[in-house]
Amino acid sequence: MITILTYLFRIRFRKLFGKEDYLAISLLLVSIGFLLFFLNKNYSQYANFSLFFLFEIARIHTNRKDLELLKLSPYFFTILFLEYSVYSLPIIVLLLINQKIIGIVFLFIILALISRIPKINQKPFHYPFKMFDPFWVVSFRKSKLVLFFPLIFLFGYMGFKFNNENLFYAVLVFFGAISCIPSFEREELIHIKASCFIGKNYLFQQCKAICFNFIYLGILLVILFAVLQQWFLIALIPIVLFFPMLNLLFKYAFFERKIVHSIFFTLFLGNIIYGFPLLLIPFLYFKAIKNLNKIQNA
């Protein structure tokens, strides 16, 4: 059983780290440490957002393609439960620090229930996304991102019912996070080389695709806030477009190292309130174009 677990972890994390990429691993561990420190300082404010973490574990489980193979092991459910428990270690540590024993028990119960969810075969839903960037469709199908929207609508309703503006802003943040996910994917180099758009023109076409797809998704948020009569929040939706656009620059600026892209993007957002990270945007723009030109001329 230990051998199977070790093998599963290696498969999961080799998608993030290159061979012996100790810098990326160190940056990830430091980022997790800073995140735990921040959440611990603001535990009462962000405790309920752990629901999104459980949704992520459920997403991983429903997207697995190795369940039929794992069922050959007599320890099938135990393996899944232990694997998801390891993924949940940051949340478990946070609960331990705050002495939330009942919360830990509840978390383990939910993980045990998730590990018993059967494989569901669903017919693909046709998303009307602009296909210059096919990863919008790929991400929504692979990660089942549409399942997060009922939770987002629930947070919006709770914000209206309890007159809590923070929940409204959380809706905007999570919507921005969902719109950023496609930009974490990587197209094959041959697709970039074969494109008739070169350098900054290729980047511009990607930006157009993000704008179109963002508007398509943003209609759902406009409807939500219109029903709740939150007109000011509707005016804030275009500002959220800044985040997927920024993530696109990070994608091509750090195209060869996905985990470094993810870590620096997170650090950028974490310090954006201080203003100085915005000075790096021109650098990211020119670095992204330079990398695209390098790939297309290789």
Side-chain angles (χ1 to χ4, degrees), residues 45-46 48-56 58-59 62 122-185 203-251 262 265-266 268-270 272-273 275 277-278 281 285:
Q45 185 176 358
Y46 295 101
N48 293 330
F49 293 157
S50 60
L51 288 173
F52 284 91
F53 176 80
L54 293 175
F55 263 77
E56 175 63 15
R59 184 196 65 81
T62 55
Q122 298 176 331
K123 293 183 178 180
F125 178 80
H126 296 284
Y127 297 97
F129 290 133
K130 190 174 181 63
M131 290 302 293
F132 189 86
D133 183 359
F135 290 113
W136 280 79
V137 173
V138 171
S139 297
F140 269 76
R141 285 183 178 172
K142 182 177 71 173
S143 303
K144 296 179 174 60
L145 297 179
V146 72
L147 297 178
F148 284 89
F149 278 89
L151 192 59
I152 288 177
F153 295 155
L154 175 62
F155 269 73
Y157 171 75
M158 291 172 59
F160 176 76
K161 183 176 181 179
F162 298 106
N163 196 25
N164 189 336
E165 291 186 355
N166 290 331
L167 290 176
F168 289 136
Y169 294 132
V171 167
L172 291 173
V173 170
F174 287 123
F175 179 75
I178 289 175
S179 62
C180 285
I181 289 176
S183 297
F184 284 108
E185 300 290 343
L203 185 63
F204 177 69
Q205 292 299 321
Q206 291 281 4
C207 290
K208 284 177 58 178
I210 286 179
C211 287
F212 179 89
N213 298 333
F214 181 88
I215 291 173
Y216 167 67
L217 285 181
I219 292 174
L220 299 176
L221 218 56
V222 170
I223 294 173
L224 171 66
F225 289 146
V227 170
L228 301 178
Q229 298 183 353
Q230 301 296 318
W231 312 113
F232 174 70
L233 293 172
I234 293 178
L236 292 181
I237 293 176
I239 299 177
V240 181
L241 179 60
F242 169 79
F243 298 105
M245 288 292 191
L246 178 66
N247 197 35
L248 184 70
L249 294 181
F250 272 96
K251 170 183 175 177
S262 302
F265 179 65
T266 302
F268 187 101
L269 295 182
I272 198 172
I273 58 175
L278 297 175
I281 292 180
Y285 174 74

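Here the structure is a predicted model, which means the values were calculated and not measured.
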**Student:** Evaluate the side-chain proximity of Phe160 to Val227: yes if any heavy-atom separation is below 4.5 Å, no if none is.
**Tutor:**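 No. Closest side-chain heavy atoms not under 4.5 Å.
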
**Student:** Calculate, to the nearest 0.5 Å, the distance between atoms CG and CZ belonging to Leu249 and Phe265 respectively.
**Tutor:**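 CZ of Phe265 is found 10.0 Å from CG of Leu249.
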
**Student:** Without swapping roles, check the side chain of Asp133 against the backbone of Ala209 for a donor-acceptor pair under 3.5 Å.
**Tutor:**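 No, the answer is negative, given that no donor and acceptor are paired below the 3.5 Å cut-off.
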
**Student:** Give me the atom names and distance for the closest heavy-atom approach of Leu228 to Phe168.
**Tutor:**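 The pair with the smallest heavy-atom distance is CD1-CE2, 3.9 Å.
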
**Student:** Of the non-hydrogen atoms in Leu241 and Cys211, which two are nearest, and what is the gap between them?
**Tutor:**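 Smallest interatomic distance, heavy atoms only, reads CD2-SG, 4.0 Å.
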
**Student:** Are the side chains of Met245 and Ile210 in touch, meaning some heavy atoms are under 4.5 Å apart?
**Tutor:**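 Side-chain contact under 4.5 Å: yes.
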
**Student:** Distance check, rounded to the nearest 0.5 Å: Leu145 atom CG versus Ile152 atom CD1?
**Tutor:**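 If I round to the nearest 0.5 Å, the distance is 9.5 Å.
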
**Student:** Under 4.5 Å between any side-chain heavy atoms of Cys207 and Leu248, yes or no?
**Tutor:** yes

**Student:** Tell me, do Leu269 and Phe243 make a side-chain contact under 4.5 Å, heavy atoms counted?
**Tutor:**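 SC-SC contact between Leu269 and Phe243 confirmed.
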
**Student:** Mind jotting down which residue pairs meet the side chain to side chain donor-acceptor pair (under 3.5 Å) criterion with at least one end in residues 234-248? Sequence neighbours excluded, please.
**Tutor:** Asn247-His261

**Student:** Between Asn164 and Met158, does the side-chain contact (heavy atoms from CB on, under 4.5 Å) criterion hold? Intermediate values first, please.
**Tutor:** CA-CA 8 Å; Asn164 189 336; Met158 291 172 59; over 6 Å; no

**Student:** Could you name each residue pair satisfying side chain to side chain donor-acceptor pair (under 3.5 Å) that touches residues 172-184, not counting sequence neighbours?
**Tutor:** none

**Student:** Could you report the tightest heavy-atom contact between Val222 and Ile234, atom names first, then the distance?
**Tutor:**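 Closest heavy-atom pair between Val222 and Ile234: O-CD1, 3.9 Å.
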
**Student:** Kindly determine whether Val171 and Phe225 satisfy side-chain contact (heavy atoms from CB on, under 4.5 Å), including the steps that lead there.
**Tutor:** CA-CA 10 Å; Val171 167; Phe225 289 146; 3.9 Å; yes

**Student:** Taking the side chain as every heavy atom from C-beta outward, state whether Phe132 and Gln206 have any atom pair closer than 4.5 Å.
**Tutor:**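 Heavy-atom side-chain distance check passes, below 4.5 Å.
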
**Student:** Partners of Glu185 by side chain to side chain contact (heavy atoms under 4.5 Å, CB included), sequence neighbours excluded?
**Tutor:** Phe135, Ser139, Lys142, Lys258

**Student:** Could you please spell out the steps behind the side-chain contact (heavy atoms from CB on, under 4.5 Å) verdict for Phe129 and Tyr216?
**Tutor:** CA-CA 8 Å; Phe129 290 133; Tyr216 167 67; 3.3 Å; yes

**Student:** Got a sec: does the CZ of Phe204 have more than 12 other heavy atoms crowding it under 6.0 Å?
**Tutor:** no

**Student:** With a 4.5 Å heavy-atom cut-off, do Val173 and Val240 have their side chains touching?
**Tutor:** no

**Student:** Is any side-chain heavy atom of Tyr169 closer than 4.5 Å to one of Leu233?
**Tutor:** yes

**Student:** What is the minimum heavy-atom distance between Pro277 and Phe268, and which atoms define it?
**Tutor:** O-CE1, 2.8 Å

**Student:** Would you call the rings of Phe149 and Phe175 parallel, tilted or perpendicular if under 30° counts as parallel and over 60° as perpendicular?
**Tutor:**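 It falls in the perpendicular class, over 60°.
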
**Student:** Please test Phe148 against Phe174 for ring-ring contact (aromatic ring centres under 6.0 Å, His included), starting from the C-alpha separation and ending with a verdict.
**Tutor:** CA-CA 9 Å; Phe148 284 89; Phe174 287 123; 8.6 Å; no

**Student:** When rounded to the nearest 0.5 angstrom, what distance separates CD1 in Ile215 from CD1 in Ile237?
**Tutor:** 11.5 Å

**Student:** Hey, could you give me the NZ/CG distance between Lys208 and Leu203, rounded to the nearest 0.5 Å?
**Tutor:**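 It is 13.0 Å, given to the nearest 0.5 Å.
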
**Student:** Would you say Phe242 and Ile272 make side-chain contact, with heavy atoms under 4.5 Å?
**Tutor:** yes

**Student:** Write down the atom of Phe140, the atom of Leu217, and the distance for their closest heavy-atom approach.
**Tutor:**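 Scanning both residues completely, I find the closest heavy atoms to be CZ-CD1, 3.5 Å.
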
**Student:** Where is the tightest heavy-atom contact between Lys130 and Asn213, given as atom of each residue plus distance?
**Tutor:** N-OD1, 2.6 Å

**Student:** Within this structure, what is the CG-CG distance for the pair Leu172 and Leu221, rounded to the nearest 0.5 Å?
**Tutor:**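 Answer for the CG-CG pair, Leu172 versus Leu221, is 6.0 Å.
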
